[in-house]
Peer 1: 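Before we start, here is the structure in question, set down as structure tokens.
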Amino acid sequence: MRQAKVGIIGGSGLYTMEGLRNVEKLTLSTPFGPPSDDIVVGDLDGVPTAFLPRHGAGHRISPSELPARANVWAMKSLGVTHLISVSAVGSLREDIVPRDVVIPDQILDRTKGVRPATFFGDGLVAHIAFAEPYCPELCGIIYDVATELNVAMVHKGGTMIVMEGPQFSTKAESNFYRQIGGDIIGMTALPEAKLAREAEICYCTLAMVTDYDCWRESEEAVTVDMVVENLMANTEASKAIVRRAIPHVAEAPRDCGCAQALENAIITSPEAIPGERREALKLLVGKYLD
């Protein structure tokens, strides 16, 4: 099976990745079911790269229904070490305007607990460190490239509120998220970021701003038409940033802690781990338990 070093998960508006060469479309199965769609693997400017449309071709899957475990597991099984997530978000700050780019460094979870958020359990317990939910090294590369390209205003750092959806916020909710320190708001970064860390994959969100949510009184309330219009404008910028970043990502040493996130996280005594769980999660824990 083809392997890849860099993975791209395309959010709303990004359903294909131009420039891939020697392409192979893979229909994968995982212990957590199939991923959102077939994964396209090819060479992007000479770097083995895997692309997955998060919501499936034709945008068939709601944020609350995403098979996040299958998506991340599939990327891991292909050898992906760095995962770039492209996501459409709303702005919660006056100075972050529609069509800006944000590289967040924090996440605040406002989902409703209906999304499986770990690979572990059923006899194998692991507690990963998640104080820094995004890989600082990968985020730094993406930020530098986005700034150099000058395709949009780029903001380094910020807190991503992850809400349940699929409905957009009420005004009360939107103002509350501003009060608790949110800078941008989206629906898909969790549990994706947690699962990437459990899989020891460096993870970064390239957040493309589509609207002001609904807190800003001088703005009309967010509508699907507004979001789609800005999505289309953002798509080409995100493709350019990702494509320029890929060679830099491939060359970067992994000096972050992402690659050893599970080293001291497995709490269950090896002799107490059920054999079937050990085997089922071998892709993740084999190097620590074998």
Peer 1: Is there a side-chain contact between V209 and V89, using heavy atoms and a 4.5 Å cut-off?
Peer 2: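 Yes - at least one pair of side-chain heavy atoms lies under 4.5 Å apart.
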Peer 1: According to salt bridge (Lys or Arg N to Asp or Glu O under 4.0 Å), who are the partners of R54, at least two apart in sequence or on a separate chain?
Peer 2: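 R54 satisfies salt bridge (Lys or Arg N to Asp or Glu O under 4.0 Å) with E192 once adjacent residues are dropped.
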Peer 1: So how far is it from W215 CH2 to N175 CG, rounded to the nearest 0.5 Å?
Peer 2: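 The CH2 atom of W215 sits 8.5 Å away from the CG atom of N175.
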Peer 1: For R244, enumerate each residue passing the salt bridge (Lys or Arg N to Asp or Glu O under 4.0 Å) test, keeping only those at least two apart in sequence or located in another chain.
Peer 2: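 Testing R244 for salt bridge (Lys or Arg N to Asp or Glu O under 4.0 Å), a comparison that skips the adjacent residues, returns none.
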Peer 1: Could you give all pairs that pass the side chain to side chain donor-acceptor pair (under 3.5 Å) test and reach residues 133-146, with sequence neighbours left out?
Peer 2: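 Those involving residues 133-146 are Y134-T205.
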Peer 1: Working to the nearest 0.5 angstrom, can you tell me the gap between R2 CZ and I39 CD1?
Peer 2: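 Result: 13.0 Å between the selected atoms.
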Peer 1: Side chains of L78 and M1, heavy atoms from C-beta outward: is any pair under 4.5 Å?
Peer 2: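 Yes. Closest side-chain heavy atoms under 4.5 Å.
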Peer 1: What pairs meet the side chain to side chain donor-acceptor pair (under 3.5 Å) rule with one or both residues in residues 155-166, with sequence neighbours excluded?
Peer 2: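 Sorted pair list: S64-E164, D100-H155, R115-E164.
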Peer 1: For T170, enumerate each residue passing the side-chain hydrogen bond (donor to acceptor under 3.5 Å, both in side chains) test, keeping only those at least two apart in sequence or located in another chain.
Peer 2: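 By the side-chain hydrogen bond (donor to acceptor under 3.5 Å, both in side chains) rule, T170 matches E173.
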Peer 1: Check whether any side-chain heavy atom of R99 sits under 4.5 Å from a side-chain heavy atom of M153, and report yes or no.
Peer 2: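 R99 does not reach M153 side chain to side chain.
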Peer 1: Less than 4.5 Å apart, any side-chain heavy atom of P67 and any of S36?
Peer 2: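 With C-beta onward as the side chain, the pair touches.
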Peer 1: So, R197 side chain and P133 main chain: donor-acceptor pair closer than 3.5 Å or not?
Peer 2: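 The answer is yes, because a donor-acceptor pair under 3.5 Å joins these two groups.
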Peer 1: How far does CG of L190 sit from CG of L66, to the nearest 0.5 angstrom?
Peer 2: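 That separation rounds to 12.0 Å.
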Peer 1: Check for a donor-acceptor pair, side chain of E200 on one end and backbone N or O of A261 on the other, with a separation under 3.5 Å.
Peer 2: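 Side chain of E200 to backbone of A261, a donor-acceptor pair under 3.5 Å: yes, one is there.
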Peer 1: Only counting residues at least two apart or in another chain, list the ones meeting side-chain hydrogen bond (donor to acceptor under 3.5 Å, both in side chains) with S174.
Peer 2: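 Residues passing side-chain hydrogen bond (donor to acceptor under 3.5 Å, both in side chains) with S174: D213.
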Peer 1: R69 and F119: side-chain contact (heavy atoms from CB on, under 4.5 Å), yes or no, with the steps?
Peer 2: CA-CA 7 Å; R69 290 188 297 181; F119 294 113; 3.8 Å; yes
Peer 1: In a table with atom names and distances, give each donor-acceptor pair under 3.5 Å that connects a side chain of residues 7-19 to protein atoms at least two apart or in another chain.
Peer 2:
residue: Y15; atom: OH; partner: G13; partner atom: N; Å: 3.1
residue: Y15; atom: OH; partner: H59; partner atom: ND1; Å: 2.7
residue: E18; atom: OE1; partner: K239; partner atom: NZ; Å: 2.6
residue: E18; atom: OE2; partner: K239; partner atom: NZ; Å: 3.0

Peer 1: If I compare all heavy atoms of P53 with all of D37, which pair ends up nearest, and what's the gap?
Peer 2: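 Closest approach of P53 to D37: CG-CB, 3.9 Å.
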Peer 1: Restricting to non-hydrogen atoms, name the atom on D122 and the atom on P274 that form the minimum distance, rounded to 0.1 Å.
Peer 2: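 Taking every non-hydrogen atom into account, O-CG, 4.1 Å.
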Peer 1: Applying side-chain contact (heavy atoms from CB on, under 4.5 Å) to V102 and D183, what does each step give before you reach the verdict?
Peer 2: CA-CA 9 Å; V102 182; D183 296 295; 5.9 Å; no
Peer 1: To the nearest 0.5 Å, what is the distance between NE2 on H127 and CD1 on I266?
Peer 2: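 One gets 11.5 Å once the value is rounded to the nearest 0.5 Å.
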Peer 1: Testing the basics here: between M160 and P104, what is the closest heavy-atom pair and its distance to 0.1 Å?
Peer 2: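 Smallest interatomic distance, heavy atoms only, reads CB-CB, 4.3 Å.
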Peer 1: Search all heavy atoms of A245 against all heavy atoms of I141 and return the closest pair with its distance.
Peer 2: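 So the two residues come closest at O-CG2, 4.3 Å.
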Peer 1: Listing request: all side chain to side chain donor-acceptor pair (under 3.5 Å) pairs with a residue in residues 260-283, at least two apart in sequence or in separate chains.
Peer 2: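 As it turns out, there is no side chain to side chain donor-acceptor pair (under 3.5 Å) pair with a partner in residues 260-283 once direct neighbours are skipped.
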Peer 1: Between the side chain of E198 and the main-chain N/O of A193, is any donor-acceptor distance below 3.5 Å?
Peer 2: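 It does not hold such a pair.
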Peer 1: Would you check if the side chain of N230 reaches a backbone N or O of T210 as a donor-acceptor pair within less than 3.5 Å?
Peer 2: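 Indeed, once roles are kept as given, a pair shorter than 3.5 Å links the two residues.
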Peer 1: With side chains defined as the heavy atoms from C-beta onward, is the minimum distance between V97 and Y212 less than 4.5 Å?
Peer 2: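 Yes, at least one pair of side-chain atoms sits under 4.5 Å.
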Peer 1: So V249 and L138, do their side chains get closer than 4.5 Å, heavy atoms only?
Peer 2: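 L138 vs V249: side chains touch.
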Peer 1: For residues P63 and P166, report the shortest heavy-atom separation together with the two atoms involved.
Peer 2: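 Result for this residue pair: CD-CB, 4.5 Å.
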Peer 1: Clusters formed by hydrophobic residues whose side-chain heavy atoms approach within less than 4.5 Å: which one holds V114, and what are its other members?
Peer 2: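 None, because no other hydrophobic side chain comes under 4.5 Å of this residue.
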Peer 1: Between R21 and D43, is the closest basic N to carboxylate O distance under 4.0 Å?
Peer 2: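 No, this pair does not count.
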Peer 1: For N234, which residues count as a side-chain hydrogen bond (donor to acceptor under 3.5 Å, both in side chains) partner, sequence neighbours excluded?
Peer 2: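 If we apply the side-chain hydrogen bond (donor to acceptor under 3.5 Å, both in side chains) test to N234, skipping adjacent residues, there are no hits.
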Peer 1: Are any non-hydrogen side-chain atoms of S169 and Y177 less than 4.5 angstrom apart?
Peer 2: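 S169 vs Y177: side chains touch.
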Peer 1: Report the residues that fulfil salt bridge (Lys or Arg N to Asp or Glu O under 4.0 Å) with K5, sequence neighbours left out, ordered by chain and then residue number.
Peer 2: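 With neighbours one apart ignored, the set is empty.
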Peer 1: Under the side-chain hydrogen bond (donor to acceptor under 3.5 Å, both in side chains) test, which residues partner R110, sequence neighbours left out?
Peer 2: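 For R110, no residue satisfies side-chain hydrogen bond (donor to acceptor under 3.5 Å, both in side chains) once neighbours in sequence are set aside.
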Peer 1: With a 4.5 Å cut-off on side-chain heavy atoms, are V242 and I84 touching?
Peer 2: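 A side-chain contact exists here, since the closest heavy-atom pair is under 4.5 Å.
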Peer 1: Once rounded to the nearest 0.5 Å, what's the spacing between atom CD1 of I61 and atom CG of N71?
Peer 2: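 That separation rounds to 7.5 Å.
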Peer 1: For the atom pair NZ (K76) and OG1 (T81), what is the distance rounded to the nearest 0.5 Å?
Peer 2: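 Result: 8.5 Å between the selected atoms.
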